[in-house]
Undergrad: 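I'd like to ask some things about the structure below.
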Amino acid sequence: MTFWNRSLLTLAASLTLHFTCGADTGAPLQGEWQIPNLEIAKRQIRAYVTSGRYEEEVRLVAGQARQFLEERLRQPVQGRAAIVFDVDETCLSNYRHIASLDFGYQPQQWNLWVAQAQAPPLRGVLELYQYARSRGLAVVFLTGRSPDQREKTEQNLRQAGFDEWTQLILKPADSSESGAEFKARQRQQLSQAGLEILVNVGDQASDLAGGYSESVFKLPNPMYWLP
Ligand SMILES: [Mg+2]
């Protein structure tokens, strides 16, 4: 057998092998590609929430924030001690709305949902809020919601049990800043105004980036990502 004949036979064998593998498996199995399948991801998120694991993990993080506060408050605080909360998927859960749109986002539908002011609280965060209030901390809500949603946001927060606060800061609709830039600048201003932010809680990394808080606590949110 010549060199070329042997090479052709090897090539034919490898092609046959390749073809056979493809024919045996049909479509690639989930997991063969390094990319999630959207439908499977949605099912996993529904199960994560409906099984109670989501609330459980929120409660776990909120409990860590409480533990930090308990220890921190044994030491003196320079200014007025404060805690900063994001609103959506931190204090209020919009899961019911988001799941009703099959995890899509439609601005008009979102505005209608905000206007209903019916989002329930995330229980673990509500308990953290109540603890912070009992220790006399200033509470600041810092949200990417726009100023025209102030009234409904206040109504929803109160209805969910967040009944008092020092400030509710909303992001102007025409702002060119990212959420992270806006929120960091607001915390800087709060610090300059004499608040000592001990804890900052949010569901997005952009809620927590940029400093001006002694500690940060990141809640789970598998549903969306914001810059
Ligand atoms: Mg949020």
Side-chain angles (χ1 to χ4, degrees), residues 58 61-62 64-65 68-69 77-95 97-98 101 103-117 119 121-122 125-126 128-129 132 137-158 160 162 164-227:
V58 166
V61 177
Q64 290 166 350
F68 173 86
L69 265 185
V77 178
Q78 295 291 326
R80 169 145 196 228
I83 184 165
V84 172
F85 292 98
D86 165 58
V87 172
D88 293 301
E89 271 54 66
T90 298
C91 297
L92 304 178
S93 170
N94 303 298
Y95 174 77
H97 167 72
I98 295 166
L101 294 179
F103 300 97
Y105 171 73
Q106 294 169 351
Q108 285 174 330
Q109 294 292 320
W110 169 250
N111 291 339
L112 286 173
W113 167 253
V114 168
Q116 288 173 26
L122 282 158
V125 177
L126 180 58
L128 173 64
Y129 161 86
L137 269 74
V139 171
V140 176
F141 296 116
L142 179 51
T143 175
R145 288 189 180 195
S146 57
D148 63 350
Q149 294 173 324
R150 173 178 291 277
E151 193 191 327
K152 291 298 179 183
T153 301
E154 289 183 349
Q155 187 184 326
N156 200 155
L157 283 168
R158 285 202 182 90
F162 299 89
E164 274 191 274
W165 53 84
T166 303
Q167 276 195 65
L168 165 61
I169 302 171
L170 303 112
K171 186 171 184 254
D174 60 356
S175 166
S176 60
E177 289 177 306
S178 68
E181 289 164 345
F182 172 74
K183 291 188 169 190
R185 191 167 57 76
Q186 294 301 320
R187 289 195 306 278
Q188 181 184 22
Q189 288 177 9
L190 292 167
S191 302
Q192 286 165 353
L195 290 190
E196 186 162 349
I197 302 169
L198 304 181
V199 168
N200 178 16
V201 191
D203 64 290
Q204 301 286 317
S206 56
D207 295 328
L208 310 175
Y212 300 101
S213 176
E214 287 189 17
S215 68
V216 295
F217 292 89
K218 167 77 173 69
L219 301 169
N221 180 355
M223 297 176 285
Y224 57 88
W225 180 90
L226 298 171

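Position 1 is the first residue of the sequence, and the numbers go up from there.
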Undergrad: Is a salt bridge present between Arg145 and Asp88, judged by a nitrogen-to-oxygen distance below 4.0 Å?
TA: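 Looking at Asp88 together with Arg145, the answer is yes, because their closest N to O distance falls below 4.0 Å.
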Undergrad: Can you name the nearest heavy-atom pair linking Ala119 to Ser93, along with the distance?
TA: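 Smallest heavy-atom distance, with atoms named: CB-O, 3.5 Å.
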Undergrad: Do Glu164 and Tyr129 have side-chain heavy atoms sitting under 4.5 Å apart?
TA: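 Glu164 vs Tyr129: side chains touch.
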Undergrad: Count the heavy atoms of every other residue, nucleotide or ligand shown that sit under 6.0 Å from CD of Gln78, and state whether that count exceeds 12.
TA: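 No.
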Undergrad: Is the backbone of Asp203 close enough, under 3.5 Å, to the side chain of Glu89 for a donor and an acceptor to pair up by distance?
TA: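 Such a contact is absent between Glu89 side chain and Asp203 backbone.
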Undergrad: Who pairs with Asn200 by side chain to side chain donor-acceptor pair (under 3.5 Å), at least two apart in sequence or on another chain?
TA: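 By the side chain to side chain donor-acceptor pair (under 3.5 Å) rule, Asn200 matches no residue at all.
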Undergrad: With sequence neighbours left out, write down each residue that passes salt bridge (Lys or Arg N to Asp or Glu O under 4.0 Å) with Glu177, or none if nothing qualifies.
TA: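 Once residues adjacent in sequence are excluded, the partners of Glu177 under the salt bridge (Lys or Arg N to Asp or Glu O under 4.0 Å) criterion are Arg185.
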Undergrad: Please list, chain by chain and in numerical order, all residues satisfying side chain to side chain donor-acceptor pair (under 3.5 Å) with Thr143, sequence neighbours excluded.
TA: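 Checked Thr143 against side chain to side chain donor-acceptor pair (under 3.5 Å); zero matches.
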Undergrad: Does some side-chain heavy atom of Asn94 sit less than 4.5 Å from a side-chain heavy atom of Met223?
TA: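 No, every pair of side-chain atoms sits at 4.5 Å or beyond.
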Undergrad: For the residue pair Asp86 and Gln204, confirm or rule out a side-chain donor-acceptor distance under 3.5 Å.
TA: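 Side-chain D/A pair, Asp86 to Gln204: absent.
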Undergrad: From Leu195 CG over to Arg80 CZ, what is the distance, rounded to the nearest 0.5 angstrom?
TA: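 The CG atom of Leu195 sits 7.5 Å away from the CZ atom of Arg80.
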Undergrad: Run Glu214 and Val199 through side chain to side chain contact (heavy atoms under 4.5 Å, CB included) and show every step you take.
TA: CA-CA 6 Å; Glu214 287 189 17; Val199 168; over 6 Å; no
Undergrad: Could you give all pairs that pass the ring-ring contact (aromatic ring centres under 6.0 Å, His included) test and reach residues 165-219, with sequence neighbours left out?
TA: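 Checked against ring-ring contact (aromatic ring centres under 6.0 Å, His included) - neighbours excluded - the pairs reaching residues 165-219 are Phe141-Trp165.
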Undergrad: To check you understand the geometry: which heavy-atom pair defines the closest contact between Arg187 and Leu142, and what is its length?
TA: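 Answer, listing the atom of Arg187 first, then Leu142: CG-CD2, 4.0 Å.
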Undergrad: If I compare all heavy atoms of Ala184 with all of Ala209, which pair ends up nearest, and what's the gap?
TA: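 So the minimum-distance heavy-atom pair works out to CB-O, 3.9 Å.
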Undergrad: Please report the interatomic distance OG1(Thr90) to CG(Asn221), rounded to the nearest 0.5 Å.
TA: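 The CG atom of Asn221 is 8.0 Å from OG1 of Thr90, to the nearest 0.5 Å.
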Undergrad: Restricting to side chain to side chain donor-acceptor pair (under 3.5 Å), what partner residues turn up for Asn156, sequence neighbours left out?
TA: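 Partners of Asn156 under the side chain to side chain donor-acceptor pair (under 3.5 Å) test: none.
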Undergrad: Does the side chain to side chain contact (heavy atoms under 4.5 Å, CB included) test come out yes or no for Leu101 and Gln109, once each step is laid out?
TA: CA-CA 9 Å; Leu101 294 179; Gln109 294 292 320; 4.0 Å; yes
Undergrad: Set out, in order, the CA-CA distance, both residues' side-chain angles and the distance that settles side chain to side chain contact (heavy atoms under 4.5 Å, CB included) for Thr166 and Leu137, then state yes or no.
TA: CA-CA 9 Å; Thr166 303; Leu137 269 74; over 6 Å; no
Undergrad: Between CZ of Phe68 and CD1 of Ile83, what distance do you get to the nearest 0.5 Å?
TA: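 So the CZ of Phe68 and the CD1 of Ile83 are separated by 10.0 Å.
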Undergrad: Give me the atom names and distance for the closest heavy-atom approach of Ala160 to Leu126.
TA: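 Nearest pair, atom of Ala160 first, then Leu126: O-CD2, 3.5 Å.
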Undergrad: Flag the pair Cys91 / Leu122 as yes when at least one side-chain heavy-atom distance between them is below 4.5 Å, and no otherwise.
TA: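 Side chain of Cys91 against side chain of Leu122, heavy atoms only: no contact under 4.5 Å found.
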Undergrad: How far apart are the closest heavy atoms of Val125 and Ala62, and which atoms are they?
TA: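 Heavy atoms only, the tightest pair is N-CB, 4.1 Å.
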Undergrad: Short question: side chain of Ser206, backbone of Gly179 - any donor-acceptor pair under 3.5 Å?
TA: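 Judged by distance alone, no pair lies under 3.5 Å.
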Undergrad: Does the side chain to side chain contact (heavy atoms under 4.5 Å, CB included) test come out yes or no for Tyr105 and Trp110, once each step is laid out?
TA: CA-CA 7 Å; Tyr105 171 73; Trp110 169 250; 3.7 Å; yes
Undergrad: If you measure from CG on Asn111 to CD on Gln149, what distance do you get to the nearest 0.5 Å?
TA: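 One finds 5.5 Å between CG of Asn111 and CD of Gln149.
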Undergrad: Distance-only, no hydrogens or angles: does the Ser215 side chain make a donor-acceptor pair with backbone N or O of Leu198 under 3.5 Å?
TA: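 Pair found, side chain donor or acceptor close to backbone of Leu198.
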Undergrad: Atom NZ in Lys152, atom CD in Gln155: separation rounded to 0.5 Å?
TA: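 It is 4.0 Å, given to the nearest 0.5 Å.
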Undergrad: Could I get the full list of salt bridge (Lys or Arg N to Asp or Glu O under 4.0 Å) partners for Glu181, not counting sequence neighbours?
TA: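 By the salt bridge (Lys or Arg N to Asp or Glu O under 4.0 Å) rule, Glu181 matches no residue at all.
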Undergrad: Should the heavy atoms of other residues, nucleotides or ligands under 6.0 Å from CD of Glu151 be counted, would the total exceed 12?
TA: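 Not buried by this count: 12 neighbours or fewer within 6.0 Å.
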Undergrad: So, taking the atom named CG in Leu157 and the one named CZ in Phe85, what distance separates them when rounded to the nearest 0.5 Å?
TA: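 It is 10.5 Å, given to the nearest 0.5 Å.
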